[in-house]
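As the structure lists them, so they are numbered: ligands from 1, and atoms in each ligand from 1.
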Amino acid sequence: MGKKREEVETSHADGVYFGLMSGTSMDGVDGVAVQFATGKTPVVLGEAHISFSKDLRDALFALQAPGDNELEREALAANSLATRYAICCHELQSMSGCSATKVRAIGVHGQTVRHRPEKGYTRQINNPAMLAEMTNIDVIADFRSRDVAAGGQGAPLVPAFHATMFGAPKETRVVCNLGGISNITILSASGAVRGFDCGPANALIDEWALRHLQRAYDDGGQFAAQGTVNQPLLNALLDEPFFSEAPPKSTGRDLFNPMWMDAKLAAFPGLPPADVQATLTALTATTVAREIERHASDARAVYVCGGGARNPVLLRMLQKALENSGVSGVPVMTTDALGVPPQQVEAFAFAWLAMRCVAREPGNLASVTGAAGERVLGAIYPR
Ligand SMILES: Nc1ncnc2c1ncn2[C@@H]1O[C@H](COP(=O)(O)OP(=O)(O)O)[C@@H](O)[C@H]1O
Ligand SMILES: [Mg+2]
């Protein structure tokens with residue numbers, strides 16, 4: 001006897017979820033409210049972005065490296081983060097028209113301050129208990145630790161979501177997220193899924209914009225557009241073992257931070273700042289294009305998401321870098337072409353991961369993270 005029709009087509013995990021993502025750019029938190037119903041395309045009911053204050057950003061930057069009294073500084077930054085997350089959830093409630101009781105759960109990534117899977121840990125700071133208290137909604141947090149405990153990189157976690165949302169039978173597609181760090185998901189024509197970090201994206205571009213423009217980022221890539229790529233500097237930047245490592249691999253500010261950049265720049269004194277910006281932008285484009293050339297040379301299209309999708313200079317450089325490699329004729333576009341605005345994709349993924357946790361379904365892909373197997377991810381803090 002098969003199950004009754006209703007039992008097959010609905011899941012106890014169906015409902016509205018909030019997804020919150022604050023990534024390595026440390027610009028703020030992106031949130032989406034999503035309605036999931038088994039067998040149907042999920043529907044975004046609302047989105048919100050809440051910026052971080054300068055104090056919070058400074059506190060988060062300081063926590064990227066070891067220092068005095070870290071435990072207390074971490075706890076206080078986590079409380080401050082939870083307050084921003086709660087504001088984002090309240091905004092999502094008004095955008096979506098959903099009262100707290102209607103929201104099944106909030107899936108929240110937290111803020112990465114250390115990522116050391118090789119040492120058996122990764123740390124996304126957050127105060128999920130406080131967020132549950134402030135929102136009266138179930139909170140699901142700490143998605144990465146279980147994958148690391150199973151021997152995985154704990155990252156990236158978005159590929160399983162990319163596969164369900166963006167995969168197409170018989171066509172290889174690449175989804176490229178340009179946040180503080182770049183990562184790609186390869187959705188192969190065969191159905192196989194791979195995904196890994198490629199290197200720095202906005203983390204270094206933002207740092208240079210802050211130093212030379214006193215702005216948080218290079219708006220539209222205009223500063224980079226004024227410069228010329230310096231090939232010797234680009235070669236020096238590319239001379240980093242991470243770029244030639246085979247996947248699975250993940251990285252973060254632990255490696256690609258201002259100290260790393262300054263050590264490379266020390267050999268090139270007096271370069272015009274705009275040339276350095278152009279070269280940092282080219283570094284992102286080149287490292288992503290090389291990984292696509294190595295691992296997805298049959299790609300039919302590259303779909304970009306994350307804040308870097310708003311940098312047309314970066315997108316043009318990526319297109320050019322692909323054309324110069326063995327994968328010419330592959331168009332670079334944003335995930336808008338697949339129906340999801342680029343700034344929503346990562347937060348959407350954490351709403352999806354929360355839904356998977358409620359359904360007790362795996363959120364990771366062992367083929368991506370290198371974990372011993374698929375695992376249900378996240379820790380639940382009930383409302
Ligand atoms: N208009 C823009 N022009 C250029 N870059 C932008 C623009 N808007 C956002 N960005 C970049 O996107 C980054 C935020 O991207 P995001 O996807 O939120 O990354 P993360 O997930 O690491 O937080 C900003 O720090 C900035 O570098
Ligand atoms: Mg962000």
Side-chain angles (χ1 to χ4, degrees), residues 19-32 47-54 56-57 60-61 64 81 84-85 88 107-113 115 124-126 143-144 155-158 161-162 175-185 197-226 250-254 256-258 261 274 277-278 280-281 283-285 288 303-318 334-336 340-350 353:
L20 303 185
M21 179 66 198
S22 52
T24 41
S25 297
M26 299 201 281
D27 55 322
V29 52
D30 294 307
V32 287
E47 68 167 275
H49 175 82
I50 304 294
S51 299
F52 292 159
S53 65
K54 185 177 180 307
L56 177 54
R57 278 176 66 94
L60 294 172
F61 271 108
Q64 302 294 316
L81 272 173
R84 305 306 288 169
Y85 294 158
C88 189
V108 54
H109 174 266
Q111 194 69 42
T112 300
V113 291
H115 183 64
Q124 285 70 49
I125 66 168
N126 186 9
F143 289 90
R144 300 194 189 276
L157 296 180
V158 287
F161 166 74
H162 289 161
V175 182
C176 171
N177 178 47
L178 298 172
I181 298 291
S182 65
N183 58 273
I184 58 169
T185 300
D197 289 346
C198 304
N202 295 307
L204 301 181
I205 294 173
D206 287 357
E207 171 68 21
W208 200 252
L210 190 66
R211 283 189 204 177
H212 292 276
L213 305 174
Q214 288 74 49
R215 300 220 187 102
Y217 57 87
D218 180 9
D219 195 356
Q222 291 173 56
F223 189 32
Q226 290 164 22
S250 59
T251 188
R253 287 184 183 271
D254 300 36
F256 296 111
N257 53 38
M261 182 174 80
Q277 189 74 310
L280 291 171
T281 307
L283 173 68
T284 304
V288 170
Y303 300 94
V304 177
C305 60
R310 295 201 172 125
N311 183 337
V313 176
L314 175 54
L315 297 193
R316 276 201 300 275
M317 282 190 184
L318 176 56
T334 74
T335 53
D336 274 320
V340 183
Q343 75 279 7
Q344 290 181 0
V345 174
E346 292 267 300
F348 201 148
F350 280 85
L353 284 164

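Exactly one residue among Val108, Leu60, Val29 makes a side chain to side chain contact (heavy atoms under 4.5 Å, CB included) with Leu81. That residue is Leu60.
Interatomic distance, CE of Met21 versus OH of Tyr85, reported as 8.5 Å (0.5 Å rounding). Rounded to the nearest 0.5 Å, atoms SG (Cys198) and CG (Asn183) are 7.0 Å apart. If you take OG on Ser25 and CG on Asn202, they are separated by 5.0 Å, rounding to the nearest 0.5 Å. Between the CZ atom of Arg144 and the CD atom of Gln124 there is a distance of 5.5 Å, given to the nearest 0.5 Å. For the atom pair CE of Met26 and OG of Ser51, the computed distance is 14.0 Å after rounding to the nearest 0.5 Å.
In terms of polar-atom proximity, defined here as any N/O pair under 3.5 Å, Thr24 does make such a contact with ligand 1. The N/O atoms of Gly179, backbone and side chain alike, include none that comes under 3.5 Å of an N/O atom in ligand 1. For ligand 1, the polar-atom distance check against Asn177 finds no nitrogen or oxygen pair separated by under 3.5 Å.
Residue contacts to the Mg ion (ligand 2): Asp27 brings an N, O or S atom closer than 2.8 Å.
Remark: ligand 1 atoms within the under-4.0 Å shell around heavy atoms of Asp206 are 24 (C), 25 (O), 26 (C), 27 (O). If you number the atoms of ligand 1 from 1 as listed, the ones under 4.0 Å from a heavy atom of Gly180 come out as 19 (O), 20 (P), 22 (O). When each atom of ligand 1 is checked for a heavy atom of Asp219 under 4.0 Å away, the hits are 1 (N), 2 (C), 3 (N). Every atom of ligand 1 with a heavy atom of Gly306 under 4.0 Å away is listed here by number and element: 17 (O).
Atom 7 (C) of ligand 1 has Tyr217 CE1, 3.4 Å as its closest protein atom, hydrogens excluded (heavy atom only). Ranking the protein heavy atoms by distance from atom 4 (C) of ligand 1 puts Asp218 O, 3.2 Å first. Annotation: atom 19 (O) of ligand 1 to nearest protein heavy atom, Ser25 OG, 3.1 Å. For atom 8 (N) of ligand 1, the closest non-hydrogen atom on the protein side is Arg310 CD, 3.6 Å. Counting protein heavy atoms only, atom 3 (N) of ligand 1 is closest to Gly220 N, 2.8 Å.
Asp27 counts as a contact of ligand 1, since one of its heavy atoms falls under 4.0 Å from the ligand.
Defined by atom type and a distance below 3.5 Å, a donor-acceptor pair is present between the side-chain atoms of Asn177 and Glu346. Side-chain contact of His115 with Asp254: a donor-acceptor pair under 3.5 Å is absent, judged by distance alone.
When Gly307, Gly23, Ala201 are ranked by how near their heavy atoms come to atom 10 (N) of ligand 1, first place goes to Gly307.
At a 4.0 Å heavy-atom cut-off, ligand 1 touches Asp30 through the side chain alone.
Other residues, nucleotides and ligands contribute only 12 or fewer heavy atoms inside 6.0 Å of the CZ atom of Arg215.
Proximity of a side-chain donor or acceptor of Thr281 to a complementary backbone N or O of Gln277 within less than 3.5 Å is detected.
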